[in-house]
Trainee: 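Sharing a structure below in structure tokens format, with a few things to ask.
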Amino acid sequence: MSYTTKKHDELRAQIREWAEREIKPIAFMLDQENRFPGEQIKEFGKMGLLGIPFPKEYGGLGGDILGYAIGVEELSRVDGGTGVILSAHVSLGAYPIYAFGNEDQKQKYLVPLAKGEKLGAFGLTEPNAGSDAGGTETTAELRGDHYILNGEKIFITNGGEADVYVIFAVTTPGIGTKGISAFIVEKGWDGFTFGDHYDKMGIRSSATRQLLFNNVKVPKENLLGKEGEGFKIAMSTLDGGRIGIAAQALGIAQGAYEAAVEYAKEREQFDAPIAQLQAIQFKIAEMATKIRAARLLVYSAAELKENHEPYGMESAMAKKYASDICLEVVNDALQVFGGTGYLKGMEVERFYRDAKICTIYEGTNEIQNVVIASHILGKSAKAKPVSAKPKAKTPVTGPRKKVMINEGTAEANVEKLVELLKNDGYDFTVGIDIDTPIINAERVVSAGKGIGEKENMKLVEDLAKAAGAALGSSRPVAEQLKYVPLNRYVGMSGQKFTGNLYIACGVSGAIQHLKGIKDASTIVAINLNGNAPIFKNADYGIVGDVKEILPLLTKALDTGKKKPAPPMVKMKRTVPDEPTPAPRGRYVCLGCGYEYIPELGDEDGEVNPGTAYKDLPEEWVCPECGEEKHNFIPSSEQ
Ligand code: CAA
């Protein structure tokens with residue numbers, strides 16, 4: 001291939017040999033056990049291969065973007081999950097520090113990342129900010145020489161395994177993407193914790209976790225770039241990241257194709273290898289053609305990036321095309337294998353599952369089309385102008401009271417909770433059987449992983465009986481810990497709770513769980529971690545140890561033998577109105593409609609961000625049309 005040199009071929013041969021020896025034999029087990037190949041990645045790092053495209057002066061291998069893409073391709077050729085570990089580390093974790101970091105940040109963070117001593121990750125996606133990455137809600141507030149980081153990130157590749165995270169958070173609320181900044185955050189800092197390793201359909205050897213930030217102190221010097229540059233850093237990082245995902249898709253397709261060719265030559269039907277059948281030959285020919293086209297797109301995008309030429313559109317095209325054809329290739333490869341390919345343990349079966357994510361992450365393929373079209377046609381007008389108003393945060397479970405009961409002693413808090421529930425109309429002299437199917441239950445008491453040891457299930461069961469409720473759980477409690485049968489787990493993929501009262505004990509509130517309880521009339525959360533997302537989705541919350549709170553609540557609700565509950569009457573949810581945000585003092589130009597936003601100021605007019613309209617100099621004029629200051633009126637978009 002014209003893009004590659006002898007050096008690239010040697011690098012490919014080295015990585016292929018290593019991947020065949022170290023990853024291929026264990027790929028099946030990694031997939032089955034949802035296991036991250038920690039030792040192997042360390043080894044890969046020691047060979048310098050976690051730093052392929054970075055200069056030697058920063059600990060890198062001194063290779064190029066194409067060499068890195070070949071690395072991802074070769075790992076993915078044997079295991080798609082291992083491929084994305086390299087891609088997320090290089091393009092998303094290390095690259096933004098290389099491109100936007102200052103010298104101190106590069107020495108402190110890029111060098112160990114490039115040397116492979118540390119692993120990197122990137123935290124952009126949130127429950128309300130997926131494709132609409134500008135909807136970021138995590139906040140970073142400057143207090144003295146630190147920012148205080150609060151919020152959550154979901155679906156983070158290398159989450160929990162990585163040591164260094166590039167995290168995006170809002171530093172100036174209410175001004176959209178220009179209020180987002182990027183930070184370098186280290187694993188191990190106080191208040192930075194991880195959710196469970198998601199149980200995914202494919203790429204199961206790569207770790208994907210939720211990141212939780214609870215008042216994490218981030219030193220000021222860990223701001224990457226300037227305040228407000230975060231969104232652009234994220235977008236341009238993703239431009240490069242998409243080359244990595246394109247290479248991953250290419251590698252998966254290549255692995256599936258090779259397996260299909262080999263099998264077609266071996267498998268005999270109608271007295272000859274099936275490779276002699278034209279039906280199979282055509283499939284092989286099409287697979288090979290698509291893979292070659294994808295490879296040319298991926299390598300040319302890598303070359304453009306290497307040469308510092310514009311490559312955003314080309315990387316989006318490569319990512320979209322390579323992942324689309326990857327799905328077609330794995331489908332055809334499995335078809336060549338027939339029934340054999342459908343069996344667990346077969347490489348093509350794993351490739352088939354690994355492939356799908358490539359059309360979804362680092363921007364869905366629909367977002368790639370948005371990016372491609374905007375390069376060709378310019379940015380399309382947004383359906384509705386983005387309001388500079390801070391967006392009201394709607395919890396996954398819909399508007400909730402979010403009353404935290406933490407002022408008094410544990411006893412007093414529990415008493416207060418019971419009083420509030422009784423005021424809401426809950427009658428604890430009646431109850432349902434603990435085994436009532438979740439879907440029919442008026443009340444459920446649920447256990448999350450936060451309850452700890454299995455023996456603590458007894459506390460949850462006792463509470464369920466005292467509350468006259470059925471027993472439920474989060475998915476990991478049923479599936480991984482096996483504390484309850486599978487049919488008792490509540491969530492998007494499990495049983496949906498649509499009754500009245502849901503008491504979540506030690507449940508952190510993963511989005512999939514929350515979606516399964518969004519129709520509950522009342523949600524109560526009891527958890528030791530005050531920053532657990534469940535609290536933002538609950539009507540009442542007590543922060544405390546389940547071992548202390550549950551027995552107290554059981555005692556307070558225990559009215560002796562319960563009368564059978566009457567048929568369920570669905571209770572109406574009552575939630576207070578959201579407070580109206582304070583006016584933010586924006587003014588609109590009568591000449592052209594330009595809006596003066598105090599938080600932004602006017603860079604061209606040398607007006608500092610934070611300057612109120614009334615404090616603008618009298619000689620200030622509209623930066624768009626030159627209209628004078630007195631021809632501005634207060635904006636209705638306050
Ligand atoms: N480079 C630099 N700046 C860019 C840019 C780019 N590629 N794209 C946009 N910007 C700038 C724009 O110029 C604009 O700045 P100005 O106002 O100064 O002109 C600003 O960013 C806002 O741009 P838009 O108005 O176009 O932004 P938008 O809100 O309409 O969003 C989008 C555009 C393309 C839809 C974007 O939100 C997007 O890419 N969404 C997908 C997010 C994504 O890929 N997430 C993946 C998460 S990571 C992941 O998946 C990792 C993994 O697991 C492996």
Trainee: Does E606 have more than 12 heavy atoms from other residues, nucleotides or ligands lying within 6.0 Å of its CD?
Mentor: no
Trainee: Counting distance only, does the side-chain N/O of Q105 pair as donor-acceptor with the main-chain N or O of E221 below 3.5 Å?
Mentor: yes
Trainee: Less than 4.5 Å apart, side chain to side chain, heavy atoms only: is that true for Y361 and I203?
Mentor: yes
Trainee: Donor-acceptor pair, T171 side chain versus G179 backbone, under 3.5 Å?
Mentor: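 Answer holds: yes.
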Trainee: Quick one: closest heavy-atom pair of S300 and Y3, and the distance?
Mentor: CB-OH, 3.0 Å
Trainee: Decide side-chain contact (heavy atoms from CB on, under 4.5 Å) for Y109 and L224; before the verdict, give the C-alpha distance in whole Å, the side-chain angles of both, and the deciding distance to 0.1 Å.
Mentor: CA-CA 11 Å; Y109 293 108; L224 192 57; over 6 Å; no
Trainee: Could you tell me if T193 and N529 have a donor-acceptor pair between their side chains, going purely by distance under 3.5 Å?
Mentor: no
Trainee: Could you give me the CA-CA distance, side-chain angles and deciding distance for Y299 and H8, then say whether side-chain contact (heavy atoms from CB on, under 4.5 Å) is met?
Mentor: CA-CA 11 Å; Y299 290 5; H8 291 125; over 6 Å; no
Trainee: Using 30° and 60° as the class boundaries, would you call the ring planes of Y613 and Y596 parallel, tilted or perpendicular?
Mentor: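 The rings of Y613 and Y596 sit tilted, inter-plane angle from 30° to 60°.
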Trainee: Between D64 (side chain only) and G67 (backbone N and O only), is there a donor and an acceptor less than 3.5 Å apart?
Mentor: yes
Trainee: Kindly check if the number of other-residue, nucleotide or ligand heavy atoms within 6.0 Å of NZ (K217) is above 12?
Mentor: no
Trainee: Measuring from F36:CZ to N34:CG, what's the distance to the nearest 0.5 Å?
Mentor: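 These two atoms lie 12.0 Å from each other.
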Trainee: Please find the pair of heavy atoms, one from G585 and one from Y587, that lie closest to each other, and give the distance.
Mentor: O-CD1, 3.7 Å
Trainee: Taking R204 first and then D199, would you say they form a salt bridge - that is, a charged N and a carboxylate O separated by under 4.0 Å?
Mentor: yes
Trainee: List the steps, then state whether side-chain contact (heavy atoms from CB on, under 4.5 Å) holds for F44 with L75.
Mentor: CA-CA 11 Å; F44 195 73; L75 295 181; 3.9 Å; yes
Trainee: Side-chain donor-acceptor pair under 3.5 Å between E306 and Y68, yes or no?
Mentor: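 No - no donor-acceptor pair under 3.5 Å links their side chains.
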Trainee: I'd like to know whether the aromatic ring centres of F192 and F194 sit less than 6.0 Å apart in this structure.
Mentor: yes
Trainee: What's the separation between atom CG in L49 and atom CG in L86, rounded to the nearest 0.5 Å?
Mentor: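 One finds 8.0 Å between CG of L49 and CG of L86.
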Trainee: Hey, is R350 close enough to D79 for a salt bridge, meaning N to O under 4.0 Å?
Mentor: yes
Trainee: Is there a donor-acceptor pair under 3.5 Å between the side chain of S87 and the backbone N or O of G83?
Mentor: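 No, S87 side chain to G83 backbone: no donor-acceptor pair under 3.5 Å.
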Trainee: Looking at S323 and C358, what are the two nearest heavy atoms and their distance?
Mentor: CB-O, 3.3 Å
Trainee: Any chance you could measure K402, atom NZ, to T397, atom OG1, to the nearest 0.5 Å?
Mentor: 8.5 Å
Trainee: Quiz question: by atom type and distance under 3.5 Å, do the side chains of E126 and T138 form a donor-acceptor pair?
Mentor: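 Checked: E126/T138 side chains pair up, N/O donor to acceptor below 3.5 Å.
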Trainee: Could you check whether any side-chain heavy atom of T4 comes within less than 4.5 Å of a side-chain heavy atom of I70, counting everything from C-beta outward?
Mentor: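 With C-beta onward as the side chain, the pair touches.
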Trainee: N537 side chain to P533 main-chain N or O, any donor-acceptor pair under 3.5 Å?
Mentor: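 Yes: the side chain of N537 pairs with the backbone of P533.
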Trainee: Quick one: does Q248's side chain have a donor or acceptor within less than 3.5 Å of a partner on G80's backbone?
Mentor: yes
Trainee: Around Y352, counting heavy atoms of other residues, nucleotides and ligands shown, do more than 12 lie under 6.0 Å from its OH?
Mentor: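 No - once you tally the heavy atoms of other residues, nucleotides and ligands closer than 6.0 Å, there are 12 at most.
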Trainee: Other residues, nucleotides and ligands only: do more than 12 of their heavy atoms fall within 6.0 Å of CE on M492?
Mentor: no
Trainee: We want to know whether Q210 and Y198 form a side-chain donor-acceptor pair, criterion being a heavy-atom distance below 3.5 angstrom.
Mentor: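 Q210 vs Y198: no donor-acceptor pair found between side chains.
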Trainee: What I'd like to find out is whether the side chain of H375 reaches to under 4.5 Å of the side chain of I372, using heavy atoms alone.
Mentor: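 They are not in side-chain contact.
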Trainee: Test your reading of the model: is there a side-chain donor-acceptor pair from S91 to the backbone of A88, 3.5 Å cut-off?
Mentor: no
Trainee: Which atom names give the shortest non-hydrogen contact between A247 and A69, and what distance separates them?
Mentor: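 Nearest heavy atoms, A247 then A69: CB-O, 3.4 Å.
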Trainee: Are any non-hydrogen side-chain atoms of I41 and T82 less than 4.5 angstrom apart?
Mentor: yes
Trainee: Would one find more than 12 heavy atoms of other residues, nucleotides or ligands at under 6.0 Å from atom NZ of K518?
Mentor: no
Trainee: When you compare the side chain of Y98 with that of P53, does any pair of heavy atoms fall below 4.5 Å?
Mentor: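 No, every pair of side-chain atoms sits at 4.5 Å or beyond.
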Trainee: Where do F155 and T125 come nearest, in terms of heavy atoms and distance?
Mentor: CD1-CG2, 4.3 Å
Trainee: Between K108 and D104, does any NZ, NE, NH1 or NH2 come within less than 4.0 Å of an OD or OE carboxylate oxygen?
Mentor: no
Trainee: Establish, yes or no, whether the cationic atom of K305 lies under 6.0 Å from the six-membered ring centre of Y95 and within 45° of the ring axis.
Mentor: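 That pair qualifies as a cation-pi contact.
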Trainee: Should we count CG of N307 as having more than 12 external heavy atoms under 6.0 Å?
Mentor: yes
Trainee: Would you give the length of the straight line joining atom OH of Y321 to atom CG of L297, rounded to the nearest 0.5 angstrom?
Mentor: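 It is 7.5 Å, given to the nearest 0.5 Å.
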Trainee: Counting only heavy atoms not in E103, do more than 12 sit closer than 6.0 Å to its CD atom?
Mentor: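 It does: E103 CD has more than 12 such atoms within range.
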Trainee: Heavy-atom distance under 4.5 Å between the side chains of K200 and I357, does that happen here?
Mentor: no
Trainee: Salt bridge or not between R475 and D196? Use side-chain N to carboxylate O under 4.0 Å.
Mentor: no
Trainee: Passes side-chain contact (heavy atoms from CB on, under 4.5 Å), V164 versus I97? Steps please.
Mentor: CA-CA 10 Å; V164 177; I97 302 176; 4.1 Å; yes
Trainee: Do the side chain of H89 and the main chain of L50 share a donor and acceptor less than 3.5 angstrom apart?
Mentor: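 Present.
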Trainee: When rounded to the nearest 0.5 angstrom, what distance separates CG in N150 from CG in L212?
Mentor: 11.0 Å
Trainee: Can a donor-acceptor pair be found, under 3.5 Å and without considering hydrogens, that links the side chain of D145 to the backbone of K220?
Mentor: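 Side chain of D145 to backbone of K220, a donor-acceptor pair under 3.5 Å: no, none is there.
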Trainee: Are any of the side-chain heavy atoms of L11 and L61 separated by less than 4.5 Å?
Mentor: yes
Trainee: CD/Q512 to NZ/K515 distance, rounded to the nearest 0.5 angstrom?
Mentor: 8.0 Å
Trainee: Would you say NZ of K290 has more than 12 non-hydrogen atoms from neighbouring residues, nucleotides or ligands within 6.0 angstrom?
Mentor: yes
Trainee: Just by modelled atom types, is the A316 backbone N or O under 3.5 Å from a matching donor or acceptor in the R242 side chain?
Mentor: no
Trainee: Any ion pair linking K178 and E599 (charged N to carboxylate O, less than 4.0 Å)?
Mentor: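 Not counted as a salt bridge, because no side-chain N and carboxylate O are separated by less than 4.0 Å.
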Trainee: Side chains of K115 and Y58, heavy atoms from C-beta outward: is any pair under 4.5 Å?
Mentor: no
Trainee: Are any of the side-chain nitrogens in E362 or K319 under 4.0 Å away from the carboxylate oxygens of its partner?
Mentor: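 Salt bridge between E362 and K319, a charged N being under 4.0 Å from a carboxylate O: no.
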Trainee: What is the minimum heavy-atom distance between E161 and K187, and which atoms define it?
Mentor: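 Of all heavy-atom pairs spanning E161 and K187, the closest is O-NZ, 3.9 Å.
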Trainee: State yes or no: are the ring centers of Y147 and F183 separated by less than 6.0 Å?
Mentor: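 Yes: the rings meet the under 6.0 Å criterion.
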